[in-house]
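Data first, discussion second: the structure below is written as structure tokens.
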Amino acid sequence: TRVQEAFDAICFYSPSGVQSFLMENNINNKVCFCIGQTTKDALKGVTDNIVLASMPTLEQTIKACIAYYK
């Protein structure tokens, strides 16, 4: 699905989520928060603007977002 609204960052929780997003959208150097290494690896060659959660959990990914914007 194409994202029409403006956004500052993207949270990814799976490599398939990355692939699905990129089918109709561009990252355009937005910050990408990733739940784990394989999700981060799915962004290889697309962007280096990635924040990896300290542990591969939803909670840690959200905490990474909060910490980034504090």
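Only a predicted model underlies this, so the values are computations on that prediction, with no experimental measurement involved. One-based numbering along the sequence shown. Note that these values count all heavy atoms, side chains included, but never hydrogens, waters or copies made by symmetry.
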Checklist entry - Which heavy-atom pair separates Thr57 from Thr61 by the least distance, and what is that distance? => result O-OG1, 2.9 Å
Next on the checklist: For a 4.5 angstrom cut-off between non-hydrogen side-chain atoms, does Tyr13 reach Leu58?
Outcome noted: yes
Checklist entry - So among Asn26, Asn25, Val18, which one has a side-chain contact (heavy atoms from CB on, under 4.5 Å) with Leu22? => result Val18
Checklist entry - Any idea which heavy atoms bring Met55 and Gln60 closest together, and the distance? => result O-CB, 3.3 Å
Checklist entry - Which heavy-atom pair separates Ala64 from Val51 by the least distance, and what is that distance? => result CB-CG1, 4.1 Å
Checklist entry - Roughly how far, to the nearest 0.5 Å, is NZ of Lys63 from OG of Ser54? => result 8.0 Å
Checklist entry - Do you reckon Ile27 sits in the same ILVMFWY cluster as Val3, going by side-chain contacts under 4.5 Å, direct or chained? => result yes
Checklist entry - Does Phe12 belong to the same Ile/Leu/Val/Met/Phe/Trp/Tyr cluster as Ile50, with side-chain heavy atoms less than 4.5 Å apart forming each link? => result yes
Item to check | Spacing of Asp48 atom CG and Cys32 atom SG [to the nearest 0.5 Å] | outcome: 10.5 Å
Next on the checklist: Keeping Lys30 on the side-chain end and Phe7 on the backbone end, is there a donor-acceptor pair under 3.5 Å?
Outcome noted: yes
Item to check | Cys34 side, atom SG; Ile10 side, atom CD1 - distance, nearest 0.5 Å | outcome: 9.5 Å
Checklist outcome for this item: So SG of Cys11 and CD1 of Ile35: to nearest 0.5 Å the spacing works out to 9.5 Å
Checklist entry - With the 4.5 Å side-chain cut-off for hydrophobic clustering, are Leu52 and Leu43 part of the same group? => result no
Checklist entry - Which class fits the ring pair Phe33 and Tyr69: parallel under 30°, tilted 30 to 60°, perpendicular over 60°? => result tilted
Checklist entry - Are Asn29 and Thr47 side-chain neighbours, meaning at least one heavy-atom pair lies under 4.5 Å? => result yes
